[in-house]
Student: 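The structure that follows is given in the form of structure tokens.
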Amino acid sequence: MKYKPFADETDPISIVGFGASPLGNVFGPTSRSMDETLVGSAVDHGINFFDVSPYYGQGHAEERLGAALKPHRKDVFLATKCGRYGVDRFDFSSDGILRGVEESLVRLQTDHVDLLQVHDIEFGDINQIVNETLPTLVGLRDEGKTRFIGITGYWPGLLSRTLERFRTHSVLNYCHWNFFADDMDASLTPMCQRLGLALINASPLHMGLMSGGSIAPWHFAPANVREKADEAVQICREFGVEPGIAAIAKCLQHPYVTSTLVGIADLHQVKSACAAVDVQLPALLVERLNQLFAPVLNVCWPQGRPENQDASFRESEQPVAKA
Ligand code: NAD
């Protein structure tokens with residue numbers, strides 16, 4: 001495993017992070033009886049960054065991760081989120097955040113988290129997030145309930161514009177830098193570099209499209225993207241490379257990203273995610289995949305309030321390639 005500093009030099013986090021949404025059965029059922037072994041294996045492989053949310057399985061993922069992490073709590077960097085509690089359940093108010101965080105800490109069996117993030121800002125009123133939600137997180141930091149604060153979301157442009165108004169320690173963006181997309185680098189990466197913020201890149205498999213297995217029924221990607229993913233899985237197999245490893249290894253090549261968060265559901269996926277750290281993908285495979293994805297690079301889908309969609313998407317007849 002390799003590590004990078006998070007926000008300051010004292011907090012190196014693993015460049016592969018354990019995304020715990022699968023513990024909320026977000027992609028399909030996972031076995032609770034395996035949690036301790038799974039989390040223990042991740043820790044043994046050097047993963048020290050764990051990310052969860054009350055949204056994943058409506059508290060289920062936090063509860064399971066909290067129990068499994070108990071023996072390891074002091075050795076890991078634990079991130080959770082607030083503000084999103086269901087597909088259509090959001091509460092970015094100060095009262096809602098305070099209540100939500102207390103409930104998260106109980107489920108996680110800890111008195112503080114290392115990182116508290118506002119979850120999916122595109123579903124909120126950005127003025128409220130800047131003027132009410134984030135100041136509440138600062139208060140929680142002052143009380144010692146979290147060490148760092150951050151924002152998360154789908155649209156890299158919206159995240160950059162929000163960071164211009166309120167500087168956090170970190171930002172998490174998903175599905176915008178992997179084989180399917182590179183537009184995280186248009187504004188968000190340069191802003192993080194300029195401000196020295198931690199940048200967390202989530203969903204290297206494009207929320208499972210590169211898993212080679214079944215796709216979650218709720219997945220938003222349009223048919224042309226899914227077709228390319230199916231072809232990409234075949235191409236990886238022709239080269240004798242596990243598609244999941246190829247997808248994660250690609251993300252680990254990003255020059256600035258602090259950590260890449262992988263949704264991990266079983267022991268094999270722990271091993272694959274960690275193996276990706278030392279994999280050198282064949283140049284010809286990367287070339288074939290880049291060529292394959294070029295026609296659908298940066299194809300997006302609607303997420304959040306209409307006014308919060310990134311401009312390049314709003315201006316297009318959706319969903320089409322932005323490149
Ligand atoms: P992902 O791209 O990591 O895909 C996860 C899916 O791929 C799961 O079904 C998983 O079981 C499967 N998988 C993982 N490794 C595999 C392998 N080697 N081979 C085959 N299949 C494999 O997508 P994700 O889970 O959405 O993203 C990772 C994490 O990032 C999440 O768990 C969450 O912690 C975080 N995240 C946060 C936000 C947000 O804050 N808005 C959004 C997306 C993701």
Side-chain angles (χ1 to χ4, degrees), residues 19 21-22 24 26-28 51 53 55-56 81 83-90 117-126 129 151-162 171-189 199-233 243-244 247 250-251 260-263 289-290 292-323:
S21 61
V26 166
F27 294 94
D51 176 79
S53 165
Y55 170 44
Y56 305 148
K81 313 195 185 82
R84 182 164 203 180
Y85 305 101
V87 174
D88 296 316
R89 277 183 50 225
F90 300 90
Q117 306 159 101
V118 183
H119 197 167
D120 288 345
I121 63 165
E122 63 272 16
F123 287 91
D125 168 356
I126 298 301
I129 283 167
I151 53 176
T152 83
Y154 179 67
W155 297 112
L158 180 73
L159 291 164
S160 320
R161 288 195 299 284
T162 306
V171 56
L172 181 161
N173 187 210
Y174 70 98
C175 288
H176 282 274
W177 207 92
N178 52 32
F179 273 121
F180 299 75
D182 63 3
D183 56 353
M184 185 176 80
D185 281 354
S187 62
L188 189 57
T189 305
L199 174 58
I200 301 163
N201 182 23
S203 310
L205 288 83
H206 225 51
M207 300 194 298
L209 287 194
M210 286 286 282
S211 69
S214 58
I215 305 305
W218 48 260
H219 208 295
F220 305 102
N224 56 347
V225 174
R226 290 164 185 249
E227 283 159 17
K228 296 292 182 193
D230 289 344
E231 277 182 63
V233 165
K250 159 79 183 179
C251 291
T260 297
L261 271 177
V262 186
L289 292 177
N290 287 340
L292 174 76
F293 282 115
V296 295
L297 192 71
N298 295 322
V299 166
C300 299
W301 47 80
Q303 279 294 284
R305 296 182 177 201
E307 69 272 21
N308 287 341
Q309 319 284 301
D310 271 4
S312 48
F313 180 71
R314 278 204 309 269
E315 285 156 11
S316 66
E317 293 295 318
Q318 51 180 294
V320 296
K322 291 204 293 181

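No experiment lies behind these values; they were computed from the predicted model shown. Just so it is clear, the values below take in all heavy atoms, side chains as well, and ignore hydrogens, waters and symmetry mates.
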Student: Between Val87 and Trp218, is any pair of side-chain heavy atoms under 4.5 Å apart?
Tutor: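 Heavy-atom side-chain distance check fails, nothing below 4.5 Å.
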Student: Please assess Ile126 against Arg161 for the test side chain to side chain contact (heavy atoms under 4.5 Å, CB included), listing each intermediate value before the final yes or no.
Tutor: CA-CA 10 Å; Ile126 298 301; Arg161 288 195 299 284; over 6 Å; no
Student: Thinking salt bridges, do Asp120 and Lys81 make one under a 4.0 Å N-O criterion?
Tutor: no
Student: Do Trp177 and His206 have ring centroids that are under 6.0 Å from one another?
Tutor: no
Student: Between Pro222 and Trp301, is there a side-chain heavy-atom distance shorter than 4.5 Å?
Tutor: yes
Student: Check whether any side-chain heavy atom of Lys250 lies under 4.5 Å from a side-chain heavy atom of Pro204, and answer yes or no.
Tutor: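 No, every pair of side-chain atoms sits at 4.5 Å or beyond.
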Student: Any donor-acceptor pair under 3.5 Å linking the side-chain atoms of Asp182 with those of Asn298?
Tutor: yes
Student: Could you check if a side-chain atom of Asn178 sits within less than 4.5 angstrom of a side-chain atom of Phe293, using non-hydrogen atoms only?
Tutor: no
Student: Just so I know, are the side chains of Ile200 and Val171 near enough to count as touching, which here means a heavy-atom distance under 4.5 Å?
Tutor: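 No, too far: nothing below the 4.5 Å cut-off.
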Student: Is there a side chain to side chain contact (heavy atoms under 4.5 Å, CB included) between Leu209 and Leu205? Walk through the geometry before answering.
Tutor: CA-CA 6 Å; Leu209 287 194; Leu205 288 83; over 6 Å; no
Student: Is any side-chain heavy atom of Leu297 closer than 4.5 Å to one of Phe180?
Tutor: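 No, side chains not in contact.
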Student: Could you tell me whether a side-chain N or O of Tyr174 sits under 3.5 Å from a main-chain N or O of Leu172, the two making a donor and an acceptor?
Tutor: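 Not a single qualifying donor-acceptor pair exists.
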Student: Minimum heavy-atom separation for Phe27 and Ala216, please, with both atom names.
Tutor: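 So the minimum-distance heavy-atom pair works out to CD2-CB, 4.2 Å.
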Student: Is any side-chain heavy atom of Thr152 less than 4.5 Å from a side-chain heavy atom of Ile121?
Tutor: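 Counting from C-beta outward, Thr152 and Ile121 never come under 4.5 Å.
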Student: Give me the atom names and distance for the closest heavy-atom approach of Ser203 to Cys175.
Tutor: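 Minimum heavy-atom contact is CB-SG, 3.8 Å.
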Student: Please determine if Arg84 forms a cation-pi arrangement with Phe90, meaning its NZ or CZ atom is less than 6.0 Å from the six-membered ring centre and no more than 45° off the ring axis.
Tutor: no
Student: Please name the residue in the list Arg226, Glu227, Lys228 that meets the side-chain contact (heavy atoms from CB on, under 4.5 Å) test with Val296.
Tutor: Lys228
Student: Show the nearest heavy-atom pair for residues Asn173 and Gly153, with the distance to one decimal.
Tutor: ND2-O, 3.0 Å
Student: Can you tell me if Gln303 uses its side chain to pair, donor with acceptor, with the backbone of Glu122 under 3.5 Å?
Tutor: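 Judged by distance alone, no pair lies under 3.5 Å.
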Student: What's the shortest heavy-atom distance between Pro156 and Ser187, and which atoms?
Tutor: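 That closest heavy-atom pairing would be O-OG, 4.1 Å.
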Student: State, to 0.1 Å, how close Ala232 and Met210 come at their nearest heavy-atom pair, and which atoms those are.
Tutor: CB-SD, 3.7 Å
Student: Could you check whether His119 and Ser53, counting side-chain N and O atoms only, form a donor-acceptor pair closer than 3.5 Å?
Tutor: yes
Student: Would you mind reporting whether Tyr154 and His176 have side-chain heavy atoms less than 4.5 Å apart?
Tutor: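 Result yes, sub-4.5 Å side-chain heavy-atom pair found.
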Student: Can you confirm whether the side chains of Asn308 and Trp155 place a donor and an acceptor under 3.5 Å from each other?
Tutor: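 Judged by distance alone, the side chains do not pair up.
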